[in-house]
Amino acid sequence: MQKILDNEITFLTGVGPKKAELLTEELGIKTYKDLLFYFPFRYIDRSRFYNISDLNKDLPYIQIKGRFTHFELSSIGKGKKKLTGYFSDETGVVEVVWFQSISWIQNSIKKSEQYVLFGKPKSFGSRINIVHPDIEEYNKWQAKLVNALYPQYNTTEKLKNAYLNSKAIRKLLDTLLKKVKGQVYETLPKYIREKYKLMGLEECLFEIHFPTGIKELNNAQYRIKFEELFYIQLNLIQAKMRRKESSTGFLFDRSNDKLVKECFFQKIPFDLTNAQTRVLKEIRHDLMSGKQMNRLLQGDVGSGKTLVALLTALIAIDNGYQACIMAPTEILAQQHFRSISKFLDGLEVTCDLLTGSIKKRERTRIHEMLVLGELNLLIGTHALIEDTVEFKNLGMVVIDEQHRFGVEQRAKLWKKNILPPHVLIMTATPIPRTLAMTLYGDLDVSVIDELPPGRTKIITKHFKDKDRLRVFGFVKKQIALGRQVYVVFPLITESENMDYKDLEDGVEGYSRAFPIPEYQISVLHGQMKPDQKEFSMNHFEKGNSNIMIATTVIEVGVDVPNATVMIIESAERFGLSQLHQLRGRVGRGSEQSYCLLMTGETLSENAYNRVLCMVNTTDGFEIAETDLKLRGPGDLEGKQQSGFTFDLKMANLSQDGQLLQYVKDIANQILETDPELQKPDNHVMAAQIREMNKNKIDFGKIS
Ligand code: ADP
Ligand code: MG
């Protein structure tokens with residue numbers, strides 16, 4: 001039944017091999033089905049007329065009504081001709097131009113008749129004209145006004161050159177819809193469609209491409225959105241249920257607590273926050289369940305995730321297992337190693353650092369200790385999951401800043417022991433709820449939604465380059481108070497020298513304003529050798545320099561409580577989540593901290609909104625929501641992070657949060673009574689999910 005939709009697009013009348021190839025290359029359309037699901041990006045309301053006097057070149061396709069007053073035929077060389085018609089309504093006159101079908105136009109257009117023109121106004125010198133518009137007699141147009149909503153399809157230059165513009169695609173869809181009529185396979189069970197009042201799929205496709213009215217179109221769009229989100233949820237929830245059922249994990253026991261208690265009572269100089277305590281309880285619960293833990297820990301910068309990671313690792317070590325903590329960058333790994341070592345000082349636990357720059361001999365030693373089980377805790381970068389690294393008994397893996405770890409890297413960990421180790425993934429990038437539900441639906445989620453006490457709110461201000469002297473004056477005052485300052489320059493690409501150039505100029509500027517010996521400046525960037533980086537970091541951490549000028553290498557993890565000012569240069573070039581991360585480098589001590597966003601004179605609307613958002617709030621979740629709205633969900637990092645890929649053609653995660661929650665509940669209800677979707681009524685859904693998972697990386701198989 002489905003078969004006809006799987007037909008290759010080249011079988012469609014009007015699509016030859018050449019066009020088929022272009023459609024595939026440019027739009028990913030291979031089959032009938034792909035074309036049917038190539039939705040218009042907008043609709044033009046054809047019941048509305050523009051005044052000719054209001055036309056300008058920035059308008060999209062528009063519609064005007066009027067009469068032709070006269071025509072002019074001119075030659076444009078090489079035997080080619082151009083026909084210009086003067087079309088007017090009560091408000092003005094516009095030129096309408098033809099290069100083809102000239103005699104047909106001359107013969108058929110009557111000056112006495114009213115016409116409706118539909119086209120895109122363009123600028124021609126200082127005038128506006130419309131080239132090759134659609135023309136219809138007003139009387140005839142009125143008779144078939146039903147199609148008031150006219151779809152517009154995205155196309156590319158290449159497609160347009162091959163005569164596949166929006167109108168041509170519409171025509172193809174017209175042909176295709178007629179051809180598949182009565183043969184579109186329904187992908188939602190009847191009882192669901194009835195219960196939730198959803199339009200049938202075939203009707204939807206007709207309505208979306210050839211709307212019969214706004215209400216019908218809305219209903220059709222709703223059904224498609226519903227279905228897209230519903231299947232994502234159904235899939236995720238089912239995967240999670242299966243994982244919970246099958247994934248045996250190491251069983252840890254509270255009565256083994258030794259290091260955890262010692263560290264907690266002797267080494268940690270403060271009380272845990274309520275949020276930290278709650279999260280540890282959730283983790284404990286997983287570890288004592290006999291199932292493998294797969295938990296995502298979300299917590300804003302500075303919320304104290306490292307401590308949670310450490311205590312979690314110690315639980316594993318208390319139970320006779322090894323643990324590792326992985327960070328995305330060398331600097332962050334070193335940072336973790338240093339701060340964790342402090343908390344472990346004097347305890348009976350062995351801890352080492354393994355990164356790409358650790359020397360061969362040291363590396364070999366670490367490898368040997370790991371295999372023998374003499375090393376309890378290993379901290380490092382992904383060097384840590386190289387195939388050559390063998391553990392005696394790995395029971396716990398903590399991954400920090402998860403958004404930089406790919407699915408495959410995670411999968412490598414699964415092979416390190418007879419059972420997969422417990423996994424705790426930590427991220428400081430707050431993810432909006434809607435997105436977390438979709439991206440990480442197969443993980444359990446914990447949230448640290450509270451900062452340690454005594455933190456003052458970071459004051460954020462926006463400055464333009466012309467305010468620089470004032471900013472420097474302020475920085476000098478802070479330094480006089482004994483505080484330290486970060487200055488961050490944008491990193492364009494890691495491989496290019498460009499960012500280095502920006503940084504160099506910046507360093508020069510700052511060195512002039514803050515001269516030696518009164519001031520000491522440290523520099524840190526991606527092209528430095530690891531030991532240089534470490535030296536520079538140490539220098540600043542120890543308070544030997546006042547200013548640290550860096551590229552975004554310091555984005556994650558650096559912890560200097562005495563630093564109270566974060567200056568972000570060319571702030572307009574940073575994304576919101578990055579700005580937020582950077583700001584989190586200050587405000588770690590008890591002193592009032594500041595984040596100063598430096599930008600050029602004029603900002604794009606989007607950049608302005610990012611800066612405004614930073615000035616207005618320090619709440620990571622609020623920032624994440626704004627980020628999602630400003631960027632749209634299209635280019636979210638790590639779309640495929642959960643191992644599921646999804647491609648939303650209609651639903652929009654930044655707008656359809658409510659619907660997402662709604663369908664999630666429905667999916668839950670269905671799976672509660674029929675977890676494997678075996679009831680005849682549910683077979684359709686099982687088939688859809690199989691289809692969705694055809695290309696999925698299967699965690700079940702990896703583990
Ligand atoms: P994150 O990794 O979540 O950004 P960190 O774990 O680096 O945050 O913690 C930030 C700072 O707060 C560290 O200096 C840490 O020692 C401190 N800290 C963590 N938990 C607490 C707490 N409960 N009370 C006081 N300070 C804390
Ligand atoms: Mg951290």
Side-chain angles (χ1 to χ4, degrees), residues 260 263-283 295-314 325-329 331-345 351 377 379 381 398-405 424-431 445-458 483-484 486 537 540-543 552 554-564 566 577-591 593 595 618-621 623-624:
V260 177
C263 179
F264 186 74
F265 290 114
Q266 298 166 22
K267 294 291 163 191
I268 298 176
F270 37 70
D271 290 333
L272 295 186
T273 62
N274 290 332
Q276 284 170 319
T277 308
R278 188 188 63 236
V279 166
L280 275 166
K281 218 181 243 170
E282 288 164 357
I283 290 171
R295 189 168 279 280
L296 176 74
L297 173 57
Q298 278 198 59
D300 220 333
V301 206
S303 61
K305 294 184 296 298
T306 315
L307 215 55
V308 173
L310 173 61
L311 292 171
T312 305
L314 290 180
I325 299 178
M326 271 202 295
T329 67
I331 290 193
L332 186 55
Q334 285 164 359
Q335 185 89 39
H336 276 328
F337 180 66
R338 253 176 284 146
S339 53
I340 283 177
S341 296
K342 268 185 239 156
F343 288 121
L344 294 181
D345 188 33
C351 174
L377 176 58
I379 298 172
T381 53
V398 181
I399 304 174
D400 196 4
E401 301 297 344
Q402 172 276 347
H403 61 282
R404 292 164 193 238
F405 268 95
L424 179 69
I425 296 164
M426 306 195 296
T427 173
T429 313
I431 300 157
V445 179
S446 291
V447 181
I448 306 189
D449 48 8
E450 178 188 4
L451 293 181
R455 300 271 167 87
T456 47
K457 218 177 178 126
I458 300 166
R483 312 278 142 63
Q484 288 166 285
Y486 291 110
M537 254 334 293
F540 186 68
E541 274 188 348
K542 289 198 193 107
T552 37
I554 69 151
E555 185 189 338
V556 278
V558 179
D559 189 9
V560 180
N562 189 46
T564 56
M566 165 62 70
S577 73
Q578 233 182 349
L579 290 172
H580 180 60
Q581 290 283 322
L582 288 169
R583 179 167 59 185
R585 296 306 110 207
V586 294
R588 304 201 143 214
S590 51
E591 303 301 334
S593 290
C595 174
T618 50
D619 178 340
F621 282 92
I623 290 172

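The basis for the numbers below is simple: all heavy atoms, side chains too, and nothing from hydrogens, waters or symmetry mates. Just so you know, ligand 1 is whichever comes first in the structure, and atom 1 is the first atom listed for that ligand.
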(request) List for me each residue that meets salt bridge (Lys or Arg N to Asp or Glu O under 4.0 Å) alongside R295, sequence neighbours excluded, and say none if there are none. (result)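 Salt bridge (Lys or Arg N to Asp or Glu O under 4.0 Å) list for R295, sorted by chain: E282, D286.
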
I'd like to check which ligand 1 atoms, numbered from 1 as shown, lie under 4.0 Å from a non-hydrogen atom of [X].
X	result
L272	23 (N)
T273	23 (N)
T306	2 (O), 5 (P), 6 (O), 7 (O)
D300	3 (O)
R588	4 (O), 7 (O), 10 (C)

(request) Ignoring hydrogens and angles, tell me if any N or O in the side chain of S593 forms a donor-acceptor pair with the backbone of G587 under 3.5 Å. (result) yes

(message) Below the 3.5 angstrom mark, is there an N/O of G304, backbone or side chain, next to an N/O of ligand 1?
(response) yes

(message) Once rounded to the nearest 0.5 Å, what's the spacing between atom CG of L297 and atom CD1 of I448?
(response) 4.5 Å

(message) Would S303 count as a contact residue for ligand 1, given that I'm defining contact as a non-hydrogen atom of the residue lying under 4.0 Å from a ligand atom?
(response) yes

(request) Could you tell me whether ligand 1 has any atom less than 4.0 Å away from a heavy atom of V308? (result)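 Judged by the 4.0 Å heavy-atom criterion, V308 does not count as contacting ligand 1.
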
(message) Run the side-chain hydrogen bond (donor to acceptor under 3.5 Å, both in side chains) test on E541 and Q484 for me, step by step, so that the C-alpha distance in whole Å, both residues' side-chain angles and the decisive distance to 0.1 Å come before the verdict.
(response) CA-CA 9 Å; E541 274 188 348; Q484 288 166 285; over 6 Å; no

(message) Between N562 and R483, is the side chain to side chain contact (heavy atoms under 4.5 Å, CB included) condition met? List the steps.
(response) CA-CA 6 Å; N562 189 46; R483 312 278 142 63; 4.2 Å; yes

(message) Between D449 and R278, does the salt bridge (charged side-chain N to carboxylate O under 4.0 Å, His left out) criterion hold? Intermediate values first, please.
(response) CA-CA 11 Å; D449 48 8; R278 188 188 63 236; 3.6 Å; yes

(message) Heavy-atom pairs closer than 4.0 Å: do any link ligand 1 to the side chain of D271, the backbone, both, or neither?
(response) backbone

(message) Heavy atoms only, cut-off 4.0 Å: how does Q276 contact ligand 1, side chain, backbone, both, or neither?
(response)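 The answer is the side chain of Q276.
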
Could you list the donor-acceptor pairs under 3.5 angstrom formed by side chains in residues 265-275, with sequence neighbours left out?
from : atom 1 : to   : atom 2 : distance (Å)
K267 : NZ     : D345 : O      : 2.6
T273 : OG1    : Q276 : N      : 3.1
T273 : OG1    : Q276 : OE1    : 3.3

